Amino acid sequence: MRAPTSEGTLHSRLACVLQRGTLVAVTVTAVGMAAGFTTAHLLATVATMFGLLMFALLPVAVLVVAAHHFARKRDRTYLVLTAGVLVVVAANMLVGSAL
C-alpha cells in the first residue's frame, strides 16, 4: 500500500464532503417532498427549500475545505487562489440577492 500523499488527502476530503453533503441534501429534500403528501405543507416547503439550498452550498463547502487544507500546508499560492474564488462566489451571492 502506498502512503497517503498531501494531494490524495485533499482529494479524499473533498470527495467525503461531496458524498456526505449530497446524501444529507437528498435526504432533507426527500423528506420535504414526502411531507408534501401529508397535511404538513409548511414543513414540506421548508425542508424542500433547505435541501435545495444545501445542494447549492456544496461547492462553497468544497472551497472552504480546500482553503483549510492549503492553509494547513502553508501553500500560499493555492490559498490565495481559493480565497479569491470564495470572494467571487460571496460577491455573486450578495449581488444576486440584491437584485
Side-chain angles (χ1 to χ4, degrees):
M1 248 170 100
R2 296 183 321 177
T5 62
S6 173
E7 184 177 326
T9 303
L10 176 60
H11 286 286
S12 63
R13 285 183 184 158
L14 296 179
C16 184
V17 167
L18 287 172
Q19 287 173 343
R20 290 181 182 176
T22 301
L23 179 64
V24 171
V26 164
T27 303
V28 171
T29 305
V31 166
M33 293 177 75
F37 292 111
T38 67
T39 58
H41 294 293
L42 180 61
L43 172 66
T45 302
V46 170
T48 304
M49 293 301 281
F50 187 65
L52 294 174
L53 178 65
M54 289 169 56
F55 274 121
L57 291 178
L58 269 174
V60 175
V62 168
L63 287 171
V64 169
V65 169
H68 179 261
H69 174 80
F70 295 136
R72 278 191 26 229
K73 297 295 179 184
R74 297 185 184 180
D75 189 342
R76 290 182 188 222
T77 303
Y78 284 112
L79 177 60
V80 168
L81 289 170
T82 306
V85 172
L86 274 169
V87 167
V88 169
V89 169
N92 192 12
M93 286 180 176
L94 292 172
V95 170
S97 66
L99 295 178

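Since the structure is predicted, the reported quantities are computational estimates derived from the model, not experimental observations.
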inquiry  = To the closest 0.5 Å, what do you measure between NZ (K73) and CG (L79)?
reply    = 14.0 Å

Can you give me every donor-acceptor pair (side chain of residues 44-51, partner residue at least two apart or in another chain, under 3.5 Å) with its distance?
residue	atom	partner	partner atom	Å
T45	OG1	H41	O	3.0
T48	OG1	A44	O	2.7

Extract all donor-acceptor atom pairs below 3.5 Å that involve side chains of residues 23-33 and protein atoms in other chains or at least two apart in sequence.
residue	atom	partner	partner atom	Å
T27	OG1	L23	O	2.7
T29	OG1	A25	O	2.8

All N/O donor-acceptor pairs, side-chain side in residues 13-22, below 3.5 Å, sequence neighbours left out:
residue	atom	partner	partner atom	Å
T22	OG1	L18	O	2.6

key: Full working for side-chain contact (heavy atoms from CB on, under 4.5 Å) between T77 and D75   = CA-CA 6 Å; T77 303; D75 189 342; 4.0 Å; yes

query = Under the ring pair (Phe, Tyr, Trp, His ring centres under 6.0 Å) test, which residues partner Y78, sequence neighbours left out?
reply = F70

query = In the hydrophobic cluster built from side-chain contacts under 4.5 Å, what are the other members alongside V88?
reply = none

remark   = Residues at least two apart in sequence or cross-chain that pass side-chain contact (heavy atoms from CB on, under 4.5 Å) with V85, listed by chain then number, are L63, V89

message = On a heavy-atom basis, which atom in A67 and which in L86 lie closest, and how many Å separate them?
response = CB-CD1, 4.5 Å

CG-CG distance between L58 and L53, expressed to the nearest 0.5 angstrom = 10.0 Å

message = To check you understand the geometry: which heavy-atom pair defines the closest contact between L10 and A66, and what is its length?
response = CD1-CA, 4.0 Å

query = Under a single-linkage definition using a 4.5 Å side-chain heavy-atom cutoff for Ile, Leu, Val, Met, Phe, Trp and Tyr, are M93 and V64 assigned to the same hydrophobic cluster?
reply = yes

